[in-house]
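Take a look at the structure below.
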Number of protein chains: 2
Amino acid sequence: MKQVAQRAGVSISTVSHVINNTRIVSADVRDRVQGVIDEMRYVPSAVARSLKNDKTNTIGVLVPNSSNPYFAELIRWIEETAFQLGYHIILCNAHGGPRRQSAYLRLLMEKRIDGLLLVASGADDDHGLLPHDEGVPIVQLERALPGLDADLILGGQEEGGYQATRHLIELGHRAIACVCGPADLPRTRERVGGFLRAMREAGIAVAPESVVHAEFTSAGGHAAFNMLLARKQPPSAVFVASDLMALGCLCAAGAAGVRVPGQVSVIGYDDIGGAGFASPPLTTIAPPKQDMARLAVEQLIERIKGAPAPLRSTALAGTLVVRAPTAPFH
Amino acid sequence: MKQVAQRAGVSISTVSHVINNTRIVSADVRDRVQGVIDEMRYVPSAVARSLKNDKTNTIGVLVPNSSNPYFAELIRWIEETAFQLGYHIILCNAHGGPRRQSAYLRLLMEKRIDGLLLVASGADDDHGLLPHDEGVPIVQLERALPGLDADLILGGQEEGGYQATRHLIELGHRAIACVCGPADLPRTRERVGGFLRAMREAGIAVAPESVVHAEFTSAGGHAAFNMLLARKQPPSAVFVASDLMALGCLCAAGAAGVRVPGQVSVIGYDDIGGAGFASPPLTTIAPPKQDMARLAVEQLIERIKGAPAPLRSTALAGTLVVRAPTAPFH
DNA sequence: CTGTTAGCGCATTCAC
DNA sequence: GTGAATGCGCTAACAG
């Protein structure tokens, strides 16, 4: 910048002002400076600017595992919104335990991120998160960490589980099982909660063994579905609390020669990209990923800009996407 | 930091030295300073440090679309390696055209990233990329941009296409079709190139209509497969140049009541997470994602650290993953 | 309309 | 062993 000033024969502050349009500069000086800038391929340093202004235009995004399609899609929307609003994303995968998580958090604080978007898994890992440096706004997605004062965006998971189950019930099913992730994950608990509520309301008793816990992966879903098939009384419909798991179920059904939805209906949750082209295409609950991401980023940036501060908690609703593999009970 | 120094009754430079272990400090002073740091929850500023040291420990990662499972998985490994080596990732989606791309590049330069990891789609968009600010090391993944002097990591796509096709041929198939993305994508061209080479070597003539171009998505694969089925002479096997598309094919097959691999064998490319639990599980070519990511990051960081500079181009080989849907020709 | 200057938080050279 | 002082590149008063 100093060099630009010299070569243009003006002061360093004038250069600054033509760059930022921050005060009136005569046309010829402005052109001359701009010319030198182009010629020298000068690019202002956001680092120095950040040091001076005490803001980095960067937000940290901490997710359990960015290669999970659901998070990958969420991240994509977060990135999109952030970019439009002039912010950059630093991507962090929390997966790998509390040590990893707090190491990351520490780094983010050192980098002086303006805000943090937190998608906590809800597993025990998360305790490494707190306490955070007061002063960095946080918005949480989907899961409220106990003790963390931060805005929260919810995706209506309990309601989603309820809707999915209602769909099955309305099709006439009564022998409905539920396949879900580990019991200690809030993500699981809420979705299953919706399932149980729907069943209760419909007056259908749920045997404890009708709720099968497995890993939150396709392999987990695959295994769980096989267990279900092995029962003397297999269910006629299954609510699977995650598309990844549901895909595993579909795969297990195919391998076992069980027709979906002929013999058993399956409904998933998340509406990941692969769901629409599964075989058969998966009926599922679609969380409002795009809206959640947009709202989260917008709200975070509002906070960054110093908006007042009543803690907000917003719940957005998901929608039921009906595709092939759910059918009326014969 | 100044405050820490005051409260500890030492000079600011001593504080710096205890933080960085950069010179001998008497035990009691060190403890006192550390105590104050903890008490005040002081976190050093990476921003100031970067300004001083002229490095940010940040690398930019520019991909076409991070929500595509293949890229999402690649990114996950990149992030993993970078973290272990003390670097952060700024995630950028190029998707959205040249304007978007150069805007991003500009931002990255302003942020003074230490290096750039480039996963170019190879579409025309890319021209916005050049020229980049000389001085920032770049490593390209999978695709060499013409005119860009940068290290390159290849995933053996031509060879992968060849392997996939060989697999089909060895199973006895001769009526083999190829479903692939837009003809102008290098990704497509190389994989199809391998297909054609294998066919040629096997002495099998390839009718022009046996290579079907469609969108690089599940929907594209779905449509293409339906076209293939509608022919008077449907193929007995199909090499699909992308798992996403292959999933679409499987879905179309299911909907049409065509048994896979009974009536037609299908082989994909990418080994995305969903492939193993498709119905039926998808045979595919697995690019060495983890190795590519690791090597790319390591090489980039070497460059950042100022390693000499003969431009390197490394090719890693993919592997064939045989699962259900390929079967001998009856 | 334009120039001078101080200081953001830190690493580092040079004295002591 | 420790402290004082300089400058990284930039913005924002404050003068002219």
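In the text below, chain A, chain B and the rest are named by the order of the sequence lines, each starting its count at 1. Because the structure is a prediction, the values reported are computed rather than measured.
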Q. Do Ser50(A) and Lys111(B) meet the criterion of a side-chain donor-acceptor pair at a distance under 3.5 Å?
A. no
Within the 4.0 Å heavy-atom criterion, would you say [X] contacts the bases, only the backbone, or no part of the nucleic acid?
| X | answer |
| --- | --- |
| Val47(B) | nothing |
| Met1(A) | base |
| Asn53(A) | sugar-phosphate |
| Ser45(A) | sugar-phosphate |

OP1 or OP2 of [N] sitting under 4.0 Å from any side-chain N/O of [X]?
| X | N | answer |
| --- | --- | --- |
| Arg49(B) | dG9(C) | no |
| Ser13(A) | dT11(D) | no |
| Ser16(B) | dC10(C) | no |
| Ser26(A) | dT2(C) | yes |

Over how many whole Å does the gap from [X] atom [atom1] to [N] atom [atom2] extend?
| X | N | atom1 | atom2 | result |
| --- | --- | --- | --- | --- |
| Lys2(A) | dG3(C) | NZ | P | 16 Å |
| Lys55(B) | dC8(D) | NZ | P | 18 Å |
| Tyr42(A) | dC10(D) | OH | C1' | 7 Å |
| Met40(B) | dG9(C) | CE | C1' | 14 Å |
| Ile12(B) | dG9(C) | CD1 | C1' | 7 Å |
| Arg32(B) | dT2(D) | CZ | P | 9 Å |
| Ile19(B) | dC10(C) | CD1 | P | 7 Å |
| Met109(A) | dG9(C) | CE | C1' | 16 Å |

Q.
Please evaluate residues Ser13(B) and Ser16(B) with respect to the criterion side-chain hydrogen bond (donor to acceptor under 3.5 Å, both in side chains), reporting the C-alpha separation (whole Å), side-chain torsions for both, the decisive distance (0.1 Å), and the verdict.
A. CA-CA 5 Å; Ser13(B) 75; Ser16(B) 172; over 6 Å; no
(Q) Do the side chains of Arg294(A) and Glu80(A) get close enough for a salt bridge, i.e. N-O under 4.0 angstrom? (A) no
**Q.** Arg7(A): side-chain hydrogen bond (donor to acceptor under 3.5 Å, both in side chains) partners, not counting sequence neighbours
**A.** Glu39(A)
Q | First encountered from the 5' end of DNA chain D, between Lys52(A) and His17(B) | A | His17(B)
(Q) By nearest heavy atom, map Asp28(B) and Leu51(B) onto DNA chain D; which one lands nearer the 5' end? (A) Asp28(B)
Q: Check every atom of dA6(C), dG3(D), dG7(D) against the side chain of Val10(B) and return the nucleotide holding the closest atom.
A: dG3(D)
Q: From the options dT11(D), dA11(C), dC1(C), select the nucleotide whose nearest atom is closest to the side chain of Asn20(A).
A: dT11(D)
**Q.** Reference residue Val18(A); test side chain to side chain contact (heavy atoms under 4.5 Å, CB included); the match among Val29(A), Val33(A), Asp31(A)
**A.** Val33(A)
**Q.** From CA spacing to verdict: salt bridge (Lys or Arg N to Asp or Glu O under 4.0 Å), Glu302(A), Lys305(A)
**A.** CA-CA 5 Å; Glu302(A) 271 179 41; Lys305(A) 300 232 160 115; over 6 Å; no
Q: Please evaluate the base of dG3(D) for a donor-acceptor partner in the side chain of Thr14(B) within a cut-off of under 3.5 Å?
A: no
Q | Quiz item: Arg23(A) side-chain donor-acceptor pair to dT2(C) base, under 3.5 Å | A | yes
